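Before any comments, here is the structure.
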Amino acid sequence: MSDWEHFVHEVPWFLRPGESAVVGEAQLWTRGSVEGLPELSALLASTTLTPVSVGGNAYELLAWGSSDDRRGWLCRPPHDVDSDPVAWTHKNFWRLCGGIVERFREPDTWWNNQNEVLTVNATHVRVANVLTDYAWLWDDDDLKLSINPDEYYAVAEEANGNLTLAHRDDGRLLLFAPDHAFVNVTPLAGSPPYSLLTIDHVPNLAAWIEVCASAWR
């Protein structure tokens with residue numbers, strides 16, 4: 001069974017009824033490593049890449065593991081990073097991979113249930129508008145928003161609206177989760193519960209990527 005067949009078997013909802021994919025030839029990973037991300041780099045080094053086109057949209061299926069335990073990500077192709085106001089770590093990631101839109105046979109990580117992970121689409125979420133819509137969370141506790149939302153952008157977007165945010169300059173990580181009770185998180189100073197959270201022992205974007213990549217290995 002090819003990696004694409006594994007993917008479609010595990011994620012049958014990805015293709016709409018009657019929709020088909022143009023699947024290219026599988027190839028070993030040749031793009032090298034990501035500076036500052038050794039766990040991710042080791043994972044990518046073991047990857048087989050299959051180019052895929054669905055409805056005119058280009059994807060890359062990255063997969064690894066034994067023949068009876070294949071797992072992986074459906075990703076966007078690498079992205080031109082020059083003009084994007086995102087963290088340095090994210091730019092390095094984009095040079096090799098455009099971000100994850102689906103996963104199959106995934107372990108339990110901070111990427112579970114996310115529609116977009118490290119994609120350009122995720123960065124287009126207007127963080128300031130989202131936090132304005134939820135200003136009542138702070139108002140109810142007589143608190144004021146303790147961050148400048150324009151300094152942050154979304155690195156992951158969950159279907160229910162939860163966002164993972166990174167600081168544009170230093171990659172500091174925050175989780176905005178008004179719709180879910182997470183463990184191993186702490187409310188940001190000056191923020192009510194179920195609003196802006198820090199992830200315990202995962203202070204920044206690089207650590208977040210590394211923790212998740214390690215679980216996939």
Side-chain angles (χ1 to χ4, degrees), residues 13-14 37 57 73-76 78-95 97-103 106 108-213:
W13 58 86
F14 182 77
L37 300 177
N57 295 310
W73 311 333
L74 188 69
C75 301
R76 296 290 186 181
H79 174 62
D80 181 358
V81 302
D82 291 341
S83 61
D84 295 273
V86 301
W88 174 79
T89 297
H90 201 161
K91 290 186 177 184
N92 285 342
F93 179 90
W94 269 347
R95 290 186 175 98
C97 176
I100 305 162
V101 296
E102 279 290 355
R103 299 156 303 279
E106 64 181 317
D108 185 18
T109 76
W110 292 105
W111 293 347
N112 292 157
N113 303 317
Q114 303 288 347
N115 286 353
E116 305 277 345
V117 176
L118 295 166
T119 62
V120 173
N121 281 351
T123 69
H124 290 167
V125 173
R126 296 185 178 275
V127 174
N129 291 355
V130 173
L131 295 183
T132 296
D133 289 342
Y134 281 89
W136 57 269
L137 287 169
W138 284 264
D139 294 342
D140 285 354
D141 287 352
D142 293 323
L143 296 170
K144 298 292 185 183
L145 185 63
S146 58
I147 67 166
N148 178 353
D150 292 332
E151 294 179 353
Y152 288 82
Y153 70 98
V155 293
E157 180 183 12
E158 195 170 349
N160 61 8
N162 292 337
L163 299 174
T164 306
L165 309 176
H167 194 278
R168 296 182 188 277
D169 292 334
D170 59 20
R172 276 175 290 160
L173 202 72
L174 292 175
L175 179 62
F176 179 62
D179 193 44
H180 194 94
F182 286 97
V183 297
N184 300 317
V185 298
T186 302
L188 181 69
S191 296
Y194 307 107
S195 62
L196 288 172
L197 312 165
T198 58
I199 302 176
D200 300 346
H201 312 298
V202 186
N204 54 41
L205 181 61
W208 183 71
I209 295 173
E210 287 288 270
V211 164
C212 294

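As the structure is a computational prediction, the values presented were derived from the model and not from experiment.
Nearest heavy-atom pair, Leu197 versus Pro187, reported as atom, atom and distance to 0.1 Å: CD2-CA, 3.7 Å. Among all heavy-atom pairs drawn from Gly190 and Leu143, the shortest one is O-CD1, 3.6 Å. Asp150 and Arg168 get closest at one heavy-atom pair: O-NE, 3.1 Å. When all heavy atoms of Pro178 and Leu137 are compared, the pair lying nearest together is CB-CD1, 4.2 Å. Contact detail for Pro149 and Ala128: the closest heavy-atom pair is CB-CA, 3.8 Å. Of all non-hydrogen atoms in Ala122 and Ala154, the two that sit nearest each other are O-CB, 3.3 Å.
Considering only heavy atoms from C-beta on, Ser191 comes within 4.5 Å of Ser146 through its side chain. Between Asn204 and Asp170 there is no side-chain heavy-atom pair separated by less than 4.5 Å. Between Leu196 and Trp138, some side-chain heavy-atom pair lies under the 4.5 Å cut-off. You'll find the side chain of Asp169 stays beyond 4.5 Å of the side chain of Glu151, heavy atoms only. By the 4.5 Å heavy-atom criterion applied to side chains, Phe182 and Trp110 are counted as neighbours. Inter-residue side-chain proximity for Val211 and Ile199 is flagged as unmet; no heavy-atom pair is nearer than 4.5 Å. Contact of the Pro192 side chain with the Asp140 side chain is not registered, since no non-hydrogen atoms from C-beta on lie closer than 4.5 Å. Side-chain contact between Ile100 and Leu118 is absent, with no heavy atoms from C-beta onward closer than 4.5 Å.
No more than 12 heavy atoms of other residues, nucleotides or ligands lie within 6.0 Å of OH in Tyr194, so this atom counts as exposed by the packing criterion.
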Under the side chain to side chain contact (heavy atoms under 4.5 Å, CB included) rule, what do His90 and Leu205 come out as? Steps first, then yes or no, please. CA-CA 8 Å; His90 201 161; Leu205 181 61; 3.8 Å; yes

Working for side chain to side chain contact (heavy atoms under 4.5 Å, CB included), residues Asn57 and Arg76: CA-CA 9 Å; Asn57 295 310; Arg76 296 290 186 181; 4.0 Å; yes

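Atom-to-atom distance recorded for Leu173:CG and His167:NE2 is 12.0 Å, nearest 0.5 angstrom. With values rounded to the nearest 0.5 angstrom, Trp73 atom CH2 is found 10.0 Å from Arg103 atom CZ. To the nearest 0.5 Å, atom CG of residue Asn92 and atom SG of residue Cys97 are 13.0 Å apart.
Residues passing the ring pair (Phe, Tyr, Trp, His ring centres under 6.0 Å) test with His79, sequence neighbours excluded: Trp94. Among residues two or more places apart in sequence or in another chain, the side-chain contact (heavy atoms from CB on, under 4.5 Å) test is passed with Thr198 by Leu174, Thr186, Leu188.
Ring planes of Trp208 and Trp111: perpendicular class, angle over 60° (limits at 30 and 60°).
Of the residues Val155, Val130, Leu131, Leu175, the one that meets the side chain to side chain contact (heavy atoms under 4.5 Å, CB included) test with Leu163 is Val130.
Residue pairs that meet the side-chain hydrogen bond (donor to acceptor under 3.5 Å, both in side chains) test with at least one member in residues 112-128, sequence neighbours left out, are Glu106-Asn112, Glu116-Thr119.
The closest donor-acceptor contact from the side chain of Tyr152 to the backbone of Arg172 lies at 3.5 Å or more, if one exists at all.
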